[in-house]
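Following: one structure in structure tokens, then a few remarks.
Letters A, B, ... mirror the listed sequences (proteins, then strands); counts begin at 1. When reading the values below, keep in mind they use all heavy atoms of this one structure, side chains included, and skip hydrogens, waters and symmetry mates. Predicted model only: the values in this text are computed from it and were never measured.
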2 protein chains.
Amino acid sequence: MAAMDIANHLRRHKKSLTRARAEIWHILTQSEKPLSPDEIHRRLTGHKVDLATVYRNLRALKDIGLVREIDLREAFKRYEAILPGQHVHHIMCQVCGRIEKVRHCVVQNMANAIQKESGFTLKDHSLECFGICPSCQPHKTKAQGT
Amino acid sequence: MAAMDIANHLRRHKKSLTRARAEIWHILTQSEKPLSPDEIHRRLTGHKVDLATVYRNLRALKDIGLVREIDLREAFKRYEAILPGQHVHHIMCQVCGRIEKVRHCVVQNMANAIQKESGFTLKDHSLECFGICPSCQPHKTKAQGT
DNA sequence: GCTTAACTTGCAAACGATTTGCATTTTTGT
DNA sequence: ACAAAAATGCAAATCGTTTGCAAGTTAAGC
């Protein structure tokens, strides 16, 4: 989604391009990982924006397909900008919490199999991975606690 | 996990096999779809069990690997018994909410690719699908609202 | 079976993320 | 610039989930 298009996209859905909206969108497009509403709120630098407004805008952006909501088994949801031609999943380190993108998506390959098995028409899916990042790999020379 | 084993499994983790625990486990193993804490609570028929106890037990069972927590983009989490040799995902109908199992898991096939791409050691993943079930398929002969 | 320590429960209160009501301000289309 | 529509700040409300604590239940050894 080119920056210019967001205004049109919003207009098509009878939504205004407000200062808060633009700033939130900018923050999301700049971030390399999905952010929580609170993180986004803390990154807002311009005029004061209420946290409730952040929530309202995230929902609005999600509803019109500009933003994706992600559940990484935390107490809150994370949000990320949906960029054109980009199908991304995530992997989070169970030790340090680091979050990385996974561009490899097998779900598309198995879509037919899933549709055949379930009889459903597949519209969307969530795929989040959890593991241990390179920096947190246990050393083989030293015992690790559980 | 055979019904008999649950007691041992609990004991190994210094947990008691209480009446509430047994009943919750039974409800979960009988259900063909993951249940919310509230649904489980409402299905408890024996002596009175507090909702807080249901939550505490679901967490305990999850912590020792007997139960899996599932996020289907609802306001709450769902829980299901982890049965031996069963790797299951789910697909939920975006129209009627019906939930079915998907035994086809491609993630295992792509595990190597994901590990290679991210450098992470893959430990776990969430894969939930959303679509439209057979009964809710739009009819081609009649227009459908959005 | 009895006893005690450990674990669990009910109850009510607390929490934390998210939502909402409403009066006011900003944005939009003309 | 204007009126109508949409968005915002603020505070209060929601709602799923968690927690403190006193009382009840279960486990393990005798």
Would you please confirm or rule out a distance under 4.0 Å between OP1 or OP2 of C:dT27 and any side-chain N or O of A:Arg11? no
When rounded to whole Å, the NE2 to P distance for the pair A:His47 and D:dC10 reads 12 Å
Taking only side-chain nitrogens and oxygens of B:Thr53, does any of them come within less than 4.0 Å of OP1 or OP2 of C:dG10? yes
May I ask you to check whether B:His90 and A:His125 place their ring centers less than 6.0 Å from one another? no
Check if the side chain of B:Arg56 and the base of D:dG20 share a donor-acceptor pair of N or O atoms closer than 3.5 Å. yes
Give a yes/no answer on whether the side chain of A:Lys48 brings an N or O atom under 4.0 Å of OP1 or OP2 in D:dC10. yes
Distance, rounded to the nearest Å, where A:Arg73 contributes CZ and D:dT17 contributes P: 15 Å
Is the shortest side-chain heavy-atom distance between B:Leu35 and B:Arg42 below 4.5 Å? no
Passes side-chain hydrogen bond (donor to acceptor under 3.5 Å, both in side chains), A:Gln137 versus B:Thr121? Steps please. CA-CA 8 Å; A:Gln137 290 297 330; B:Thr121 302; 2.7 Å; yes
Are there over 12 heavy-atom neighbours, none belonging to A:His26, within less than 6.0 Å of that residue's NE2? no
Under 3.5 Å: donor-acceptor pair, side chain of A:Ser31, backbone of A:Leu28: no
Distance, rounded to the nearest Å, where B:Leu61 contributes CG and C:dC7 contributes C1': 14 Å
Determine the contact category for A:Phe76: base if any of its heavy atoms lies under 4.0 Å from a base atom, sugar-phosphate if only primed atoms, P, OP1 or OP2 are that close, otherwise nothing. sugar-phosphate
Check this one for me: any side-chain N or O of B:Ser36 less than 4.0 Å away from OP1 or OP2 of D:dG16? no
Have a look at A:Ala52 and say if it touches a base, only the backbone sugar-phosphate, or nothing, with a 4.0 Å heavy-atom cut-off. base
Most 5' of B:Lys14 and B:Val49 on DNA chain C, judged by nearest nucleotide: B:Lys14
Presence of B:Thr18 side-chain N/O under 4.0 Å of C:dT9 phosphate oxygens OP1/OP2: yes
Selected nucleotide, minimal atom distance to B:Leu51 side chain, candidates D:dT17, D:dG9, C:dT19: D:dT17
Atom-to-atom span, CZ of A:Arg78 to P of C:dA17 - whole angstrom: 12 Å
How many Å lie between CG on B:Asn57 and C1' on C:dC7, as a whole number? 11 Å
Quick check: on DNA chain D, is the nucleotide nearest B:Ala75 upstream (toward 5') of the one nearest B:Ser16, or the reverse? Name the residue that is more 5'. B:Ala75
For a quick test of reading the model: is some side-chain N or O of B:Lys15 closer than 4.0 Å to OP1 or OP2 of C:dA6? no
Could you tell me if B:Arg98 and B:Ser135 have a donor-acceptor pair between their side chains, going purely by distance under 3.5 Å? yes
In whole angstrom, what separates A:Glu23's CD from C:dT26's P? 15 Å
Expressed as a whole number of angstroms, how long is the span from B:Leu58:CG to D:dG16:P? 15 Å
Reading DNA chain D from 5' onward, which residue's closest nucleotide shows up sooner: B:Arg19 or A:Asp50? A:Asp50
Can a side chain N or O of A:Tyr55 be found less than 4.0 Å away from OP1 or OP2 on C:dT18? yes
Distance check needed: D:dG16 P versus B:Asp71 CG, whole Å only. 14 Å
Reckon B:Asp38 touches a base, only the sugar-phosphate, or nothing at all at heavy-atom distances under 4.0 Å? nothing
